[in-house]
Amino acid sequence: MSATPRYRFAPSPTGYFHVGGARTALYNWILALQTGGTFVLRIEDTDESRNHPQWTEGILDALEWIGISRTDPHFEGPYFQSANAAAHVGAAERLYAEGRAYYCDLTTEQIQERAKASGRPGYDGHSRDRGLGPGPGRVLRFRVPEGTTVVRDEVRGDVAFEHATIEDFVLLRGNGSPVFLLANVVDDVAQRISHVVRAEEHLPNAPKQQMLWEALGERPPSWAHVPVLVNEARKKLSKRRDKVAMEQYREEGIVAPAMVNYLMTLGWAPGGDTEIVPFARIVEEFRLGSVNHSSAFFDVTKLGAFNAEYLRAMSTDEFVAACGPWLAPPRATWDPARFDAATFRAMAPLVQTRVQSLGEVPAMVGFMFADAPELDEASVTKTFGAPWAAALLGELRGTLASCEWRADALKGEVERAGERHGQKLGKAQAPLRVAVTGRTVGPPLFETLELLGREAVLRRVDALWDRVARA
RNA sequence: GGCCCCAUCGUCUAGUGGCCUAGGACACCACCCUCUCAAGGUGGCGGCACGGGUUCGAAUCCCGUUGGGGCUGCCA
């Protein structure tokens with residue numbers, strides 16, 4: 001009887017949740033779901049002082065957002081690596097007692113000098129047979145045995161590493177604290193992790209960790225190293241250069257299912273001719289063996305396209321609900337007292353096909369909830385550069401004051417006014433649009449006018465007329 | 001420098017020796033629709049890095065070259 005698979009996801013608490021991390025979290029989660037296994041969350045930092053509770057909450061919150069819930073039966077954790085320090089040291093001491101590790105008193109500078117002198121970079125195994133015992137400033141190094149380690153990787157196949165190319169790496173620092181490599185393995189053993197699915201950048205660590213598993217008398221886990229996410233320069237995504245925080249995309253109004261779906265198309269593709277697929281189908285179809293081997297560019301434009309599609313697929317009610325957080329301070333800049341939910345509800349279908357992210361919504365409807373629109377000067381200049389524009393706007397003042405106040409009737413009036421100036425509706429609507437909304441682009445005008453009401457519209461037309469008539 | 005990984009349109013990918021005259025998606029362009037902008041519809045542009053093999057047959061297998069990336073810490 002074999003135990004159910006246990007997948008571990010081990011982000012480091014850095015204050016934000018990396019999109020690349022989100023993808024590997026998703027891989028682990030999906031695998032756990034498929035196998036009835038467990039998703040084990042471990043917050044990895046050997047130094048407890050760097051484990052800030054709010055960062056852990058941030059990670060938990062971001063995971064929840066993409067559907068990985070700590071209350072789900074498949075979820076286990078969070079565990080804290082730093083809480084297990086005693087076990088890490090204990091394992092190291094065991095390896096020392098068994099002769100699989102040895103102490104070394106060389107400083108980093110001394111190692112570099114020796115490397116320079118010999119022409120071979122890295123640590124040369126100087127203290128291997130010096131029989132040093134533990135002591136302040138002395139590090140414990142793993143005695144890499146002779147031979148070869150083959151890492152069986154579920155996405156890459158077998159990868160062989162000659163031990164001769166792997167230096168005797170550090171297990172315990174000069175101050176006695178364990179390093180990540182060791183802590184990671186000891187925790188994996190303790191938590192009975194059976195599958196390690198992580199980013200490719202860890203592949204060079206895999207043989208070292210596998211040796212550690214074996215030295216500890218354990219059977220190594222199944223490995224899978226998935227390709228890294230890169231920027232346009234094809235460099236690994238970094239916080240400094242790139243927009244990598246999940247929190248930021250969420251704040252901008254990217255919707256979770258779109259983010260999840262997009263992330264899953266990086267390095268993998270569902271069957272069929274469409275990439276937009278429900279999560280259930282991804283869970284059904286995903287296979288580690290079909291994950292791509294090469295790095296993938298995180299394309300924000302395509303993410304936006306996915307998001308727009310998800311937004312459009314919502315019902316009006318769903319869309320209105322999703323917009324909620326963006327319609328109030330601090331995201332919305334209008335006076336909350338002026339916001340009218342019914343008006344927004346009526347506008348919603350009009351804006352739904354016109355935004356890529358929820359973050360664009362306030363700017364699109366803001367003119368509805370203000371005394372006067374924010375005039376975009378470029379729009380004013382462009383529109384009223386035409387000689388007939390001001391005159392047409394002037395005529396509309398009278399028409400609008402008395403005509404029937406319905407979208408189709410308003411449209412007819414503007415159409416007729418345009419004809420008098422030899423302008424088709426496409427051109428003729430521009431002056432009115434700028435007067436009312438402040439810009440040349442926006443939601444359909446006549447529905448908007450109807451919603452806004454005669455009084456407000458007239459006020460805005462008068463205001464702009466005063467200005468352009470004088471010019 | 002050493003070790004390792006990778007290589008299909010600009011980008012993400014489908015492709016596991018014949019179904020490939022290489023399919024889809026994003027982006028881009030054109031047209032249609034249209035009150036602006038979108039959305040939608042139709043069409044278009046555009047790729048197997050290169051060179052050798054293996055094979056009746058190669059995007060697919062092998063070798064090499066070139067190019068890219070990762071690792072190379074007493075960070076994780």
Side-chain angles (χ1 to χ4, degrees), chain A residues 10-14 44-47 50 81 104 106-108 111 119-123 137-141 151 153 155-156 159-162 164-167 169-181 183-184 199-207 225 227-228 230 232-236 262 265-276 289-290 292-299 301-306 308-309 312 350-356 364 379 383 407 410-411 414-415 418 424-430 432-434 437 439-448:
Chain A
S12 50
T14 42
E44 292 217 321
D45 204 313
T46 55
D47 183 350
R50 286 191 302 241
Q81 184 171 68
C104 174
L106 255 40
T107 63
T108 307
I111 292 169
R120 289 159 179 263
Y123 179 69
R138 292 181 178 177
V139 300
L140 184 69
R141 287 180 178 273
V151 173
D153 190 287
V155 346
R156 273 152 227 286
V159 184
F161 296 85
E162 295 297 331
T165 67
I166 301 175
E167 64 180 46
F169 51 92
V170 170
L171 261 21
L172 254 30
R173 301 190 183 95
N175 66 6
S177 67
V179 302
F180 148 80
L181 213 61
N184 190 274
E200 189 197 341
E201 58 198 277
H202 290 287
L203 187 52
N205 286 151
H225 290 88
V228 293
V230 298
E232 44 280 277
R234 301 217 72 84
K235 298 268 196 279
K236 195 173 76 171
Y262 175 65
T265 65
L266 260 22
W268 179 80
D273 268 351
T274 173
E275 295 178 316
I276 307 274
S290 56
N292 253 102
H293 297 183
S294 48
S295 52
F297 171 50
F298 187 83
D299 187 352
T301 305
K302 189 161 178 177
L303 204 214
F306 270 49
E309 187 144 339
R312 273 181 254 122
L350 271 26
V351 316
Q352 199 169 348
T353 58
R354 290 176 171 75
V355 292
Q356 274 210 323
M364 186 156 292
S379 294
T383 302
L410 290 162
K411 181 180 175 184
V414 174
E415 209 157 22
K424 297 202 163 160
L425 188 53
K427 293 273 191 193
Q429 53 91 44
L432 219 206
R433 177 183 291 280
V434 172
T437 72
R439 300 192 299 165
T440 52
V441 301
L445 183 60
F446 304 107
E447 287 83 344
T448 304

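Order of the sequence lines sets the chain letters (A, B, ...), proteins ahead of strands, with each chain counted from 1.
Residue A:H293 has no polar side-chain atom (N or O) positioned under 4.0 Å from OP1 or OP2 of B:C5. At B:A76, one or more side-chain N or O atoms of A:R173 fall inside 4.0 Å of OP1 or OP2 (strictly under the cut-off). Residue A:N292 places at least one side-chain N or O closer than 4.0 Å to OP1 or OP2 of B:A14. Residue A:T46 places at least one side-chain N or O closer than 4.0 Å to OP1 or OP2 of B:A76. Taking side-chain N and O atoms only, A:K235 has no distance below 4.0 Å to OP1 or OP2 of B:G70.
With P as the reference atom, B:U66 and B:A39 are 46 Å apart, rounded to whole Å. Here the separation of B:G43 from B:G51, taken at their P atoms, is 35 Å to the nearest Å. Taking the P atom of each, B:U55 and B:U16 are spaced 23 Å apart, rounded to whole Å. A distance of about 26 Å separates the C1' atoms of B:A30 and B:U13, rounded to the whole Å. Spacing of P atoms, B:C61 relative to B:C6, comes out at 12 Å, to the nearest Å. Comparing B:U65 with B:G2, their P atoms are spaced 13 Å from each other, to the whole Å. Using atom P as the reference point in both B:C62 and B:U54, the two lie 15 Å apart (nearest Å). The separation of B:A7 from B:A49, taken at their C1' atoms, amounts to 7 Å, rounded to a whole angstrom.
Proximity of a side-chain donor or acceptor of A:R173 to a complementary backbone N or O of A:P178 within less than 3.5 Å is detected. In this structure a side-chain-to-backbone donor-acceptor pair under 3.5 Å is missing from A:S12 to A:T14. At least one donor-acceptor pair closer than 3.5 Å links the side chain of A:R354 to the backbone N or O of A:L350. A:R433 places no side-chain N or O within 3.5 Å of a backbone atom of A:A428 that could act as its donor or acceptor partner. The main-chain N or O of A:V155 is found under 3.5 Å from a side-chain atom of A:H293 such that the two form a donor-acceptor pair.
Backbone-only engagement by A:R50 is indicated by non-hydrogen atom pairs under 4.0 Å involving sugar-phosphate atoms exclusively. Nucleic acid contact class of A:Q352 (heavy atoms, under 4.0 Å, all strands): none. Residue-level contact check: A:G137 touches the bases, meaning some heavy atom is under 4.0 Å from a base atom. A:Y262 comes within 4.0 angstrom of no nucleic acid atom, judged by non-hydrogen atoms across all strands. Across all strands shown, A:A430 has no heavy atoms under 4.0 Å from either base or sugar-phosphate atoms. Nucleic acid contact for A:R156: sugar-phosphate only, since backbone atoms but no base atoms lie under 4.0 Å from a heavy atom of the residue. Within the 4.0 angstrom heavy-atom criterion, only backbone atoms of the sugar-phosphate kind lie near A:V170; the bases stay farther away. Residue A:L106 is classed as a base contact, given a heavy-atom separation below 4.0 Å to a base. The residue A:H202 sits close to a base: some heavy atom pair falls under 4.0 Å.
Of the candidate nucleotides B:C4, B:A7, B:C74, B:A7 has the atom nearest to the side chain of A:S294. Of the candidates B:A76, B:G1, B:C71, the closest approach to any side-chain atom of A:K236 belongs to B:C71. Among the nucleotides B:U13, B:A76, B:U11, the one closest to any side-chain atom of A:S12 is B:A76. Relative to the side chain of A:P204, the nucleotides B:A25, B:G70, B:U11 differ in distance, and B:G70 lies closest.
Here the P atom of nucleotide B:A27 and the CD atom of A:E232 are 17 Å apart, to the nearest Å. Here B:C26 presents its P atom at 15 Å from CG of A:L266, a figure rounded to the nearest Å. Atom CG of A:N184 is separated from atom C1' of B:C75 by 13 Å (rounded to the nearest Å). Atoms CZ (A:R234) and C1' (B:U11) sit 8 Å apart, rounded to a whole Å. Between A:F180 atom CZ and B:C74 atom C1' there is a gap of 15 Å when expressed in whole angstrom units. Taking atom CZ on A:F297 and atom P on B:A7, their separation rounds to 19 Å, with Å as the unit. Protein atom CD of A:E200 is 14 Å distant from nucleotide atom P of B:C4, rounded to whole Å. When rounded to the nearest whole Å, the span between CG of A:L303 and P of B:C12 equals 14 Å.
Contact of the A:V179 side chain with the A:T46 side chain is not registered, since no non-hydrogen atoms from C-beta on lie closer than 4.5 Å.
A pairwise comparison of heavy atoms in A:C104 and A:Y123 identifies SG-OH, 3.2 Å as the closest pair. Heavy atoms only, all atoms of each residue included: A:L172 and A:G176 are closest at CG-O, 3.6 Å. A pairwise comparison of heavy atoms in A:A199 and A:V228 identifies CB-CG1, 4.4 Å as the closest pair.
Two residues, A:E201 and A:Q356, neighbour RNA chain B, and the one matched to the more 5' nucleotide by heavy-atom proximity is A:Q356. Each of A:S290 and A:T165 was assigned the nucleotide of RNA chain B with the nearest heavy atom; the assignment lying further toward the 5' end belongs to A:T165.
Nucleotide B:U16 forms no Watson-Crick or G-U wobble pair with any nucleotide shown, as no partner meets the under 3.5 Å limit on both distances. The pairing partner recorded for B:G64 is B:C50, the criterion being a Watson-Crick or G-U wobble arrangement whose two distances lie under 3.5 angstrom. Nucleotide B:A25 has B:U11 as its partner under the Watson-Crick or G-U criteria, with both atom distances under 3.5 Å. Across all strands shown, nothing is found opposite B:A38 as a Watson-Crick or G-U wobble partner with both distances under 3.5 Å.
Taking OH of A:Y262 as the reference point, atom CZ of A:F298 lies at 5.5 Å (rounded to 0.5 Å).
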Each nucleotide of nucleotides 33-50 of chain B classed B (base within 4.0 Å of a protein heavy atom), S (only sugar-phosphate) or -, in 5' to 3' order, makes --BBBBSS----------

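Side-chain to base pairing of A:K302 with B:A27: no donor and acceptor N or O lie closer than 3.5 Å to each other.
No more than 12 heavy atoms of other residues, nucleotides or ligands lie within 6.0 Å of CZ in A:R120, so this atom counts as exposed by the packing criterion.
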